[in-house]
Amino acid sequence: MRQHDTLFIGGEWVAPAGTGTIDVISPHTEEIVGRVPDSTAADVDRAVAAAREAFDHGPWPRMTFAERAEVIARLAAIYNERQSEMAQLITEEMGSPITFSNLAQAPQPLEMLNFYAELGRTFEQEEQRPGLFGPVTVRREPVGVVAAVVPWNVPQFVTMTKLAPALLAGCTVVLKPAPETPLDAYLLAEWVAEAGVPAGVLNIVPAGREVGEHLVSHPGVDKVAFTGSTAAGRRIASICGEQLKRVSLELGGKSAAIILDDADLASSMGFLSLASLMNNGQACVAQTRILASRNRYDEVVDAVAGMVAAQQVGDPADPTTGIGPLVAKRQQERVEGYIRIGMDEGAKVVLGGLDRPQDRGWYVAPTVFSGVTNDMRIAREEIFGPVLAVIPYEDEADAVRIANDSDYGLAGTVWTADTEHGMDIARQVRTGTYGVNCYMLGANTPFGGYKSSGIGRELGPEGLSGYLEYKSIARLG
């Protein structure tokens, strides 16, 4: 078992203020695999004070972008050498299939570090623009102390969408990992120290919601960067709005995959399996609404069911596993609750249902519903598990209407033999990220959502802007 008795604050491993602990439980075995301190409000106060000291008086914000980029590059080099260790740890603590951990859970955070290190090598802190009476200097400065609050589903990916640009900007960070997945943050802390990031620039306080709210509302925090549920995002936005505190929110999704009549179903299903079932369905960008025309509806239902049935369910450490357990028992019960809701609403279970595929572990049978209308709860609410709803449409205009008929707007895809026509569809769907015959996120392109899927953008140069303040300095002559 991985036992941690201290917190990473001010560049040191320090004793927590309280005696409470958080048990990290394997979703596969239901056994304890790790234990960390349960941070208190006093620990948060100490972490914010350390970050405040590092920002107000330390070297980090006063270094050039290029100097900070070199430190980030050192961290990336360490990450590159040990990313397999990180992937295995995330699989152990939250049940992500090891194939997905090796594909995304560890490599994508590394990609972000490399991107921001490269961006920082040429990024200018100041630029000159013409003014009315003389030149104007536009200066970019770090926003200050950042509270980064991250979820359990892709913990390092989400951490790095905040940490990498915040570091390059010159901010200092207090990171609150989710209580289900704090172990990867401890490993990251070791690498940060090894890379030579100055003391107090990153501080880590694993805790639950109540202590997280204390961090978000702390007067020493200048910006909150949050990823999680839309309900929690609304609460955080209200706190930040009251305090006029900078905030970025990456929230839920209920994304639609539009299958056009000219799509080759065999090849489409090969790519859609990742887009819809990645990370055991525990992904905010998962394409869980499958939109099929009435002309090919039964054919698409059969293809989707076949695609899901081909996924091996079992031990996430097994490379042949496609779908592992859900992160916690409450998540298992939540997803099974939605399967019952779908049945009660009149949708037909084509595959899966309520029979659990494993006697031990928090497994749910991957489930496909047909006969779904877009007003059903299983089509409107984020389930966060391996549950897909196949919804019929009349024509392409109706497909776009259904895709847009959602409180969310985070992701989406269209599947077609005509890529240019797919681009026309993509331009009509109101969502922050989209794919034509694929779905992917890149470190160099912005990520975020429309509507209830969030506020602001992460990744790319746009993600750096969220951690900068812009100052205009005019002068005469």
Side-chain angles (χ1 to χ4, degrees), residues 8 68-69 71-120 146 148-169 171 173-178 180-195 197 201-204 206 225-228 248 250 274 278-279 282-285 327 433 439-448 457-464 466-467:
F8 188 68
R68 289 192 293 266
V71 179
I72 295 170
R74 290 202 298 269
L75 176 58
I78 297 168
Y79 214 114
N80 182 54
E81 292 176 359
R82 300 177 63 182
Q83 62 176 309
S84 177
E85 181 182 354
M86 181 65 79
Q88 292 172 19
L89 178 56
I90 293 173
T91 289
E92 182 180 5
E93 68 179 342
M94 66 77 54
S96 184
I98 189 62
T99 51
F100 184 73
S101 290
N102 284 326
L103 175 69
Q105 294 275 23
Q108 286 194 315
L110 172 60
E111 181 189 359
M112 294 176 216
L113 286 170
N114 283 326
F115 171 77
Y116 284 108
E118 186 62 30
L119 179 64
V146 174
V149 182
V150 304
W152 44 260
N153 61 324
V154 280
Q156 278 294 294
F157 174 91
V158 175
T159 292
M160 211 56 72
T161 63
K162 298 157 179 48
L163 182 62
L167 289 179
L168 181 57
C171 297
V173 178
V174 178
L175 171 66
K176 192 201 82 65
E180 294 84 359
T181 54
L183 300 178
D184 60 278
Y186 274 78
L187 184 58
L188 176 63
E190 296 176 10
W191 300 352
V192 164
E194 184 179 343
V197 177
V201 171
L202 175 63
N203 310 272
I204 299 175
F226 172 76
T227 296
S248 56
E250 192 270 289
L274 177 62
M278 68 177 85
N279 205 29
Q282 299 170 128
C284 53
V285 297
V327 73
T433 56
Y439 183 77
M440 65 184 68
L441 298 175
N444 65 330
T445 54
F447 170 59
R457 292 295 182 268
E458 298 179 316
L459 303 180
E462 295 82 0
L464 177 60
Y467 295 88

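This one's a predicted model, so the numbers in the text were calculated from it and none came from an experiment.
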Let me see the working for F100 and V154 under side-chain contact (heavy atoms from CB on, under 4.5 Å), right down to the final yes or no.
CA-CA 10 Å; F100 184 73; V154 280; 4.2 Å; yes

Could you grab the distance from atom OG1 of T159 to atom NZ of K176, nearest 0.5 Å is fine?
10.5 Å

Derivation and outcome, side-chain contact (heavy atoms from CB on, under 4.5 Å), residues L163 and L175:
CA-CA 9 Å; L163 182 62; L175 171 66; 6.0 Å; no

Taking all heavy atoms of I72 and all of A117, pick out the closest pair and write down the distance.
CG2-CB, 4.0 Å

Hey, what do you get for OG (S101) to CD (Q83), rounding to the nearest 0.5 Å?
11.5 Å

On a heavy-atom basis, the closest approach of V146 and A225 is CG1-CB, 4.4 Å

Okay, side chain of Y116, backbone of A73: is any donor-acceptor separation there less than 3.5 Å?
no

Show the numbers, then the answer: is there a side-chain contact (heavy atoms from CB on, under 4.5 Å) between L459 and T161?
CA-CA 6 Å; L459 303 180; T161 63; 3.9 Å; yes

Would you compute the distance between atom CG of L187 and atom CD of Q156 and round it to the nearest 0.5 angstrom?
7.5 Å

Would you mind reporting whether Y79 and P107 have side-chain heavy atoms less than 4.5 Å apart?
no

Closest heavy-atom contact between P182 and E93?
N-OE1, 3.6 Å

Any donor-acceptor pair under 3.5 Å linking the side chain of S96 with the backbone of T91?
no

Exactly one candidate in L167, L113, L110 meets side chain to side chain contact (heavy atoms under 4.5 Å, CB included) with M160; the answer is L113

Measure the spacing between CG of L75 and CG of L188 and express it to the nearest 0.5 Å.
6.5 Å

Between CE on residue M86 and CH2 on residue W191, distance to nearest 0.5 Å:
4.0 Å

Is it true that T227 and K162 share a donor-acceptor pair across their side chains at a distance under 3.5 Å?
yes

Donor-acceptor contact below 3.5 Å, side chain N153 vs main chain N279:
no

Rounded to the nearest 0.5 Å, what separation is found between the CD1 atom of I78 and the CD atom of E190?
10.5 Å

For W152 and P155, work out which heavy atoms get closest and say how close.
O-CD, 3.4 Å

Return the minimal non-hydrogen interatomic distance between E180 and V327, and the atom names on each side.
CB-CG2, 4.2 Å

Output yes when a side-chain donor or acceptor of N102 lies under 3.5 Å from a complementary backbone atom of I98, and no otherwise.
yes

Which atom names give the shortest non-hydrogen contact between P109 and A106, and what distance separates them?
CD-O, 3.1 Å

Min side-chain heavy-atom separation P177-D184 under 4.5 Å
no

